[in-house]
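For clarity, every value in this text was computed on a predicted model and none was experimentally measured.
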Amino acid sequence: MKTILLILLLFFSESSNSSPVGKGLSCNKIADKEPNSFENFRGIFFESENSVRVVSFKNKNKSLKVISKVTPYKISQDNIDFKIKFIWYGDISFEYFNINRGNLNLAHKFQNKSHDLKCDILEGDFMSEMRNTKLRYQESFNNDLKSNKI
(Lines give C-alpha, C1' and ligand atoms only; values in the text may rest on other atoms or scores of the structure.)
Protein backbone atom coordinates (compact mmCIF):
# COMPACT_ATOMS: atom_id res chain seq x y z
CA MET A 1 0.00 0.00 0.00
CA LYS A 2 2.82 2.41 0.88
CA THR A 3 4.55 1.63 -2.40
CA ILE A 4 1.41 2.45 -4.38
CA LEU A 5 1.00 5.75 -2.53
CA LEU A 6 4.61 6.65 -3.17
CA ILE A 7 4.28 5.88 -6.88
CA LEU A 8 1.09 7.94 -7.13
CA LEU A 9 2.69 10.81 -5.26
CA LEU A 10 5.67 10.83 -7.62
CA PHE A 11 3.43 10.47 -10.68
CA PHE A 12 1.14 13.38 -9.81
CA SER A 13 3.71 15.69 -8.31
CA GLU A 14 5.11 18.60 -10.30
CA SER A 15 8.27 18.04 -12.25
CA SER A 16 11.39 18.62 -10.26
CA ASN A 17 14.84 19.74 -11.31
CA SER A 18 18.06 18.02 -10.42
CA SER A 19 21.08 19.75 -8.97
CA PRO A 20 23.06 21.70 -11.58
CA VAL A 21 26.40 20.85 -9.93
CA GLY A 22 28.87 19.35 -12.41
CA LYS A 23 26.85 20.39 -15.47
CA GLY A 24 28.12 22.63 -18.23
CA LEU A 25 26.15 24.76 -20.67
CA SER A 26 27.04 26.25 -24.04
CA CYS A 27 24.88 29.34 -24.66
CA ASN A 28 24.46 31.26 -27.92
CA LYS A 29 22.16 34.03 -29.01
CA ILE A 30 18.84 32.73 -30.28
CA ALA A 31 19.07 32.78 -34.07
CA ASP A 32 17.81 35.90 -35.72
CA LYS A 33 18.94 38.05 -38.65
CA GLU A 34 22.49 38.53 -37.40
CA PRO A 35 24.90 35.57 -37.29
CA ASN A 36 26.24 34.31 -34.00
CA SER A 37 29.63 35.64 -33.07
CA PHE A 38 32.02 35.13 -30.19
CA GLU A 39 30.52 38.18 -28.42
CA ASN A 40 27.17 36.36 -28.16
CA PHE A 41 28.63 33.19 -26.61
CA ARG A 42 28.74 32.26 -22.90
CA GLY A 43 29.90 28.99 -21.38
CA ILE A 44 28.56 28.15 -17.93
CA PHE A 45 29.73 25.43 -15.54
CA PHE A 46 28.26 24.80 -12.10
CA GLU A 47 31.32 23.92 -10.04
CA SER A 48 29.69 23.50 -6.62
CA GLU A 49 26.48 24.06 -4.69
CA ASN A 50 27.19 27.78 -4.59
CA SER A 51 29.62 28.71 -7.41
CA VAL A 52 29.32 28.93 -11.18
CA ARG A 53 32.09 29.51 -13.73
CA VAL A 54 31.28 31.81 -16.66
CA VAL A 55 33.42 31.72 -19.81
CA SER A 56 33.41 34.30 -22.58
CA PHE A 57 35.81 35.26 -25.35
CA LYS A 58 37.49 38.63 -25.82
CA ASN A 59 39.47 39.99 -28.75
CA LYS A 60 43.02 41.10 -28.00
CA ASN A 61 45.32 41.92 -30.95
CA LYS A 62 43.15 39.90 -33.38
CA SER A 63 43.39 36.82 -31.18
CA LEU A 64 40.53 35.50 -29.06
CA LYS A 65 41.25 34.98 -25.38
CA VAL A 66 39.29 32.77 -22.98
CA ILE A 67 38.01 34.82 -20.04
CA SER A 68 36.82 32.75 -17.09
CA LYS A 69 35.31 34.02 -13.82
CA VAL A 70 33.71 32.28 -10.84
CA THR A 71 30.76 33.79 -8.98
CA PRO A 72 28.05 32.64 -6.53
CA TYR A 73 24.57 31.82 -7.81
CA LYS A 74 21.06 31.69 -6.38
CA ILE A 75 18.81 28.82 -7.28
CA SER A 76 15.02 28.50 -7.14
CA GLN A 77 12.58 25.92 -8.44
CA ASP A 78 12.33 27.66 -11.83
CA ASN A 79 15.44 29.83 -12.24
CA ILE A 80 19.13 30.23 -11.54
CA ASP A 81 20.35 33.82 -11.09
CA PHE A 82 23.84 35.27 -10.86
CA LYS A 83 25.86 38.30 -11.82
CA ILE A 84 29.50 38.63 -12.67
CA LYS A 85 32.01 41.45 -12.75
CA PHE A 86 34.48 41.38 -15.64
CA ILE A 87 37.60 43.52 -15.77
CA TRP A 88 39.25 43.62 -19.19
CA TYR A 89 42.23 45.96 -19.66
CA GLY A 90 40.80 48.58 -17.33
CA ASP A 91 37.20 48.29 -18.51
CA ILE A 92 34.86 47.11 -15.77
CA SER A 93 31.53 45.60 -16.76
CA PHE A 94 28.74 43.74 -15.01
CA GLU A 95 26.72 40.96 -16.59
CA TYR A 96 23.45 39.60 -15.21
CA PHE A 97 22.24 36.07 -15.93
CA ASN A 98 18.88 34.35 -15.40
CA ILE A 99 18.59 30.74 -16.58
CA ASN A 100 15.19 29.10 -16.92
CA ARG A 101 15.75 25.61 -15.50
CA GLY A 102 12.95 24.08 -17.58
CA ASN A 103 13.90 25.13 -21.11
CA LEU A 104 17.51 26.33 -20.57
CA ASN A 105 16.82 29.78 -22.00
CA LEU A 106 19.20 32.41 -20.66
CA ALA A 107 18.27 36.06 -20.17
CA HIS A 108 21.56 37.97 -20.33
CA LYS A 109 21.91 41.67 -19.53
CA PHE A 110 25.11 43.45 -20.45
CA GLN A 111 25.86 47.15 -21.00
CA ASN A 112 22.18 48.10 -20.65
CA LYS A 113 21.22 45.61 -23.38
CA SER A 114 19.24 42.41 -22.96
CA HIS A 115 19.94 39.29 -24.97
CA ASP A 116 18.13 35.98 -25.10
CA LEU A 117 20.42 32.99 -25.39
CA LYS A 118 19.61 29.32 -25.81
CA CYS A 119 21.76 26.89 -23.84
CA ASP A 120 22.66 23.29 -24.59
CA ILE A 121 24.06 20.86 -22.04
CA LEU A 122 27.68 19.96 -22.76
CA GLU A 123 29.06 16.46 -22.76
CA GLY A 124 32.67 15.90 -21.77
CA ASP A 125 35.25 18.13 -20.12
CA PHE A 126 34.00 21.71 -19.84
CA MET A 127 37.26 23.61 -20.40
CA SER A 128 38.22 21.35 -23.34
CA GLU A 129 34.87 22.17 -24.92
CA MET A 130 35.50 25.89 -24.30
CA ARG A 131 38.93 25.70 -26.00
CA ASN A 132 37.40 23.88 -28.99
CA THR A 133 34.63 26.48 -29.21
CA LYS A 134 37.20 29.28 -29.06
CA LEU A 135 39.15 27.67 -31.93
CA ARG A 136 35.99 27.54 -34.09
CA TYR A 137 35.25 31.21 -33.36
CA GLN A 138 38.90 32.15 -34.01
CA GLU A 139 38.77 30.48 -37.42
CA SER A 140 35.58 32.35 -38.28
CA PHE A 141 37.09 35.59 -36.93
CA ASN A 142 40.22 35.09 -39.10
CA ASN A 143 38.06 34.51 -42.19
CA ASP A 144 36.15 37.74 -41.46
CA LEU A 145 39.46 39.64 -41.15
CA LYS A 146 40.63 38.30 -44.54
CA SER A 147 37.45 39.50 -46.23
CA ASN A 148 37.98 43.07 -44.94
CA LYS A 149 40.67 43.97 -47.47
CA ILE A 150 42.11 47.43 -48.02
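Hydrophobic clustering (ILVMFWY, side-chain heavy atoms < 4.5 Å, transitive): L104 and I75 are in one cluster. The hydrophobic cluster containing V21 also contains V52, counting ILVMFWY residues as joined when their side-chain heavy atoms lie under 4.5 angstrom apart, directly or transitively. Following chains of ILVMFWY side-chain contacts shorter than 4.5 Å, one cannot reach F110 starting from V66, and the two form parts of different hydrophobic clusters.
For the atom pair OG1 (T71) and CZ (F86), the distance works out to 9.5 Å, reported to the nearest 0.5 Å. Interatomic distance, Y73 OH to I99 CD1, rounded to the nearest 0.5 Å: 10.0 Å. With rounding to the nearest 0.5 angstrom, the OG1 atom of T133 is 10.5 Å from the CE atom of M127. To the nearest 0.5 Å, atom CZ of residue F45 and atom OG of residue S26 are 14.0 Å apart. One finds the CD1 atom of I121 at 6.5 Å from the CG atom of L25 (value rounded to the nearest 0.5 Å). Between the CG atom in N98 and the NZ atom in K74 there is a gap of 12.0 Å [rounded to 0.5 Å].
Side chain of N61 to main chain of S63: no donor-acceptor pair is present (N/O by atom type, distance under 3.5 Å, no hydrogens or angles).
Not a single side-chain hydrogen bond (donor to acceptor under 3.5 Å, both in side chains) links N132 to another residue, sequence neighbours left out. For F82, the ring-ring contact (aromatic ring centres under 6.0 Å, His included) partners are F97, not counting sequence neighbours. Checked against side-chain hydrogen bond (donor to acceptor under 3.5 Å, both in side chains), N79 has no partners two or more places apart in sequence or in another chain. Shown here are the side-chain hydrogen bond (donor to acceptor under 3.5 Å, both in side chains) partners of K69, two or more places apart in sequence or in another chain: there are none. Among residues two or more places apart in sequence or in another chain, the side-chain hydrogen bond (donor to acceptor under 3.5 Å, both in side chains) test is passed with S93 by none. In this view, E39 and S37 satisfy the side chain to side chain contact (heavy atoms under 4.5 Å, CB included) rule, not counting sequence neighbours.
Annotation: disulfide bond (SG atoms under 2.5 Å apart) contacts involving residues 48-115, sequence neighbours excluded, are absent. Screening residues 80-98 for salt bridge (Lys or Arg N to Asp or Glu O under 4.0 Å), with sequence neighbours left out, gives R42-E95. The disulfide bond (SG atoms under 2.5 Å apart) pairs that include a residue from residues 45-110 number zero, where partners must be two or more places apart or lie in different chains. Pairs engaging residues 102-138 under the disulfide bond (SG atoms under 2.5 Å apart) rule: C27-C119 [sequence neighbours left out]. A side-chain hydrogen bond (donor to acceptor under 3.5 Å, both in side chains) check over residues 111-128, counting only residues at least two apart or in different chains, returns the pairs D125-S128, S128-R131.
Contact annotation: the side chain of V55 never approaches that of K134 to less than 4.5 Å [non-hydrogen atoms, C-beta and beyond]. Side-chain contact between L106 and I44 is present, with at least one heavy-atom pair separated by less than 4.5 Å. For the pair H108 and N40, the minimum side-chain heavy-atom distance is 4.5 Å or more.
Taking Ile, Leu, Val, Met, Phe, Trp and Tyr as hydrophobic and joining them when side-chain heavy atoms fall under 4.5 Å apart, one finds I87 in a cluster with I92, F94, Y96.
Counted within 6.0 Å of NZ on K23, heavy atoms from surrounding residues, nucleotides or ligands total more than 12; the atom is thus considered enclosed.
At a cut-off of 3.5 Å, with distance as the only test, no side-chain donor of N143 or E139 sits close to an acceptor on the other residue. Neither side chain, S76 nor D78, offers a donor N or O lying under 3.5 Å from an acceptor on the other.
Closest of all the heavy-atom pairs between E49 and S19 is OE2-OG, 3.7 Å. Between F126 and R53, the closest heavy-atom pair is CE2-CD, 4.4 Å.
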| task | Tell me, with the steps shown, if K60 and Y89 meet side-chain contact (heavy atoms from CB on, under 4.5 Å). | result | CA-CA 10 Å; K60 178 66 175 166; Y89 289 93; 3.4 Å; yes
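Ring orientation note: the planes of F57 and F41 are close to parallel, at an angle under 30° on the 30°/60° scale.
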